[in-house]
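Labels below follow one simple rule: chain letters A, B, ... track the order of the sequence lines, proteins then strands, and each chain is numbered from 1. Nothing here was measured: the structure is a model prediction, and the numbers come from that model.
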Protein chains: 2
Amino acid sequence: MKQLTKAEEEIMQILWDLGEANVASIINKFSEPKPAFTTVSTIVRILESKDFVGYRKEGRGHIYFSKIEKETYSNQSLHKLMDGYFQGSFQSMVSFFVRKNDIATKDLEEILEKINKNEDKK
Amino acid sequence: MKQLTKAEEEIMQILWDLGEANVASIINKFSEPKPAFTTVSTIVRILESKDFVGYRKEGRGHIYFSKIEKETYSNQSLHKLMDGYFQGSFQSMVSFFVRKNDIATKDLEEILEKINKNEDKK
DNA sequence: CAAATATAACTAAATATTTAGTTTAAACTA
DNA sequence: TAGTTTAAACTAAATATTTAGTTATATTTG
């Protein structure tokens with residue numbers, strides 16, 4: 001699956017955040033200095049050509065929306081990291097991260113609890 | 001902290017793997033089609049200028065080595081992902097990944113066990 | 001020491017990415 | 001409907017990345 005460049009990712013994040021938006025709304029989400037209309041428009045059309053973004057016509061312009069779930073993309077990115085740095089092992093990745101960042105085991109226990117709770121609901 | 005480009009990362013992975021290496025050994029690690037000597041040499045010198053790589057003289061040439069721990073870089077990358085896609089929350093990231101990939105809770109339990117075991121040793 | 005060889009440094013060119021100006025088309029308004 | 005406005009499409013240029021050729025330098029060997 002395709003990788004987003006830095007500028008592309010920034011705009012995807014905004015689209016994931018807003019759900020859908022025209023170019024003006026996207027620009028609005030940038031902090032100063034805001035990029036030019038044409039800059040954003042260009043990147044959006046690149047994303048369109050890469051099939052990350054779709055649009056529908058509305059009034060005078062286009063309303064853009066993401067065609068790929070944020071979840072799908074982040075999952076793929078995590079997998080890439082896991083494969084490249086932890087021999088594809090989820091356990092390695094998590095235990096490394098816990099140790100490295102002094103994450104309390106209580107946090108892991110809480111995650112387990114929450115997951116088990118939701119499993120019950122099924 | 002600086003981000004590695006695709007070509008740079010490939011070579012860093014090899015250096016992390018080998019510990020240290022000259023250009024020839026790096027090329028050797030590539031599968032066909034192997035890049036040209038000059039290509040690898042250029043990227044190594046870029047990594048040098050970015051302070052990712054150092055070298056020492058040996059005989060006729062240079063022996064290169066990573067100046068950044070693989071652990072440091074992967075930790076930073078994971079943090080970036082966590083911040084960008086999971087509001088900086090470790091719990092969100094892990095529970096998302098577990099659900100999304102149908103990872104058995106047993107895996108998480110095992111991680112906990114292992115960590116607790118090592119904590120005892122301290 | 002001179003020639004051959006191996007390697008790094010320098011340079012360049014192809015490609016990808018980022019940024020934004022100009023032109024064109026659509027639709028709103030007076 | 002003609003002029004004005006707004007946004008998209010087209011185009012271009014600056015910058016970053018990737019790839020590799022050429023030249024310079026140092027080491028080995030005959």
Would you tabulate the pairs of protein nitrogen or oxygen atoms and nucleotide nitrogen or oxygen atoms of nucleotides 23-30 of chain D closer than 3.5 angstrom?
unit_1, atom_1, unit_2, atom_2, d
D/dT28, O4', B/R60, NH2, 3.1

Identify each atom pair where a protein N or O and an N or O of nucleotides 12-18 of chain C are less than 3.5 Å apart, giving names and distance.
unit_1, atom_1, unit_2, atom_2, d
C/dT18, OP1, A/K6, N, 3.3
C/dT18, OP1, A/A7, N, 3.4
C/dT18, OP2, A/T5, OG1, 2.3

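- Taking the six-membered ring for Trp and the full ring otherwise, B/F65 and B/Y55 have centroids separated by 6.0 Å or more.
- Checked against side-chain contact (heavy atoms from CB on, under 4.5 Å), A/E58 has the following partners two or more places apart in sequence or in another chain: A/R56, A/I63.
- At distances below 3.5 Å, at least one donor-acceptor pair connects side-chain atoms of A/T42 with backbone N or O atoms of A/T38.
- Remark: P of D/dT19 and NZ of B/K34 are 15 Å apart, rounded to the nearest angstrom.
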Please list every donor-acceptor pair under 3.5 Å in which a side-chain atom of residues 26-34 of chain A meets a protein atom from a residue at least two apart or in another chain.
unit_1, atom_1, unit_2, atom_2, d
A/K29, NZ, A/D17, OD2, 3.1
A/K34, NZ, A/N28, O, 3.2
A/K34, NZ, A/F30, O, 2.6

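- Of all nucleotides listed (C/dA8, D/dA20, D/dA8), D/dA20 comes nearest to the side chain of B/P35.
- Of the possible donor and acceptor atoms, one in the side chain of B/S74 sits under 3.5 Å from a partner among the backbone N and O of B/K70.
- Taking CD1 of A/I11 as the reference point, atom OG1 of A/T5 lies at 9.0 Å (rounded to 0.5 Å).
- Across B/M93, B/K100, B/M82, a single residue satisfies side chain to side chain contact (heavy atoms under 4.5 Å, CB included) together with A/L78, and that is B/M93.
- Classified by interplanar angle (parallel below 30°, tilted 30° to 60°, perpendicular above 60°), the ring pair A/W16/A/Y73 is tilted.
- Distance NE2/A/H79 to CG/A/N75: 4.5 Å, rounded to 0.5 Å.
- Within residues 18-27 of chain A, the residues having any heavy atom closer than 4.0 Å to DNA chain D are, in order of number, A/V23.
- Proximity of B/Y55 to the phosphate of C/dA8: no side-chain N or O atom is located under 4.0 Å from OP1 or OP2.
- Looking only at side-chain heavy atoms (C-beta outward), A/F96 and A/N101 stay at 4.5 Å or farther from each other.
- Counting only Watson-Crick and G-U wobble pairs whose two distances sit under 3.5 Å, DNA chain C takes part in these stems of three or more pairs: C:1-30 with D:1-30.
- Between A/T38 and A/K57, it is A/T38 whose nearest contact on DNA chain C lies nearer the 5' terminus.
- Following chains of ILVMFWY side-chain contacts shorter than 4.5 Å, one can reach B/F86 starting from A/F97, so the two form part of one hydrophobic cluster.
- Under a hydrophobic-cluster definition in which Ile, Leu, Val, Met, Phe, Trp and Tyr are linked whenever side-chain heavy atoms come within less than 4.5 Å, directly or via other members, B/L4 and A/L81 are assigned to the same cluster.
- Protein atom CZ of A/R45 is 5 Å distant from nucleotide atom C1' of D/dA9, rounded to whole Å.
- A/Q91 and B/K114 form a side-chain donor-acceptor contact under 3.5 Å, judged by distance and modelled atom types alone.
- If you measure from atom CZ of B/F37 to atom P of D/dA20, you get 14 Å, rounded to the nearest angstrom.
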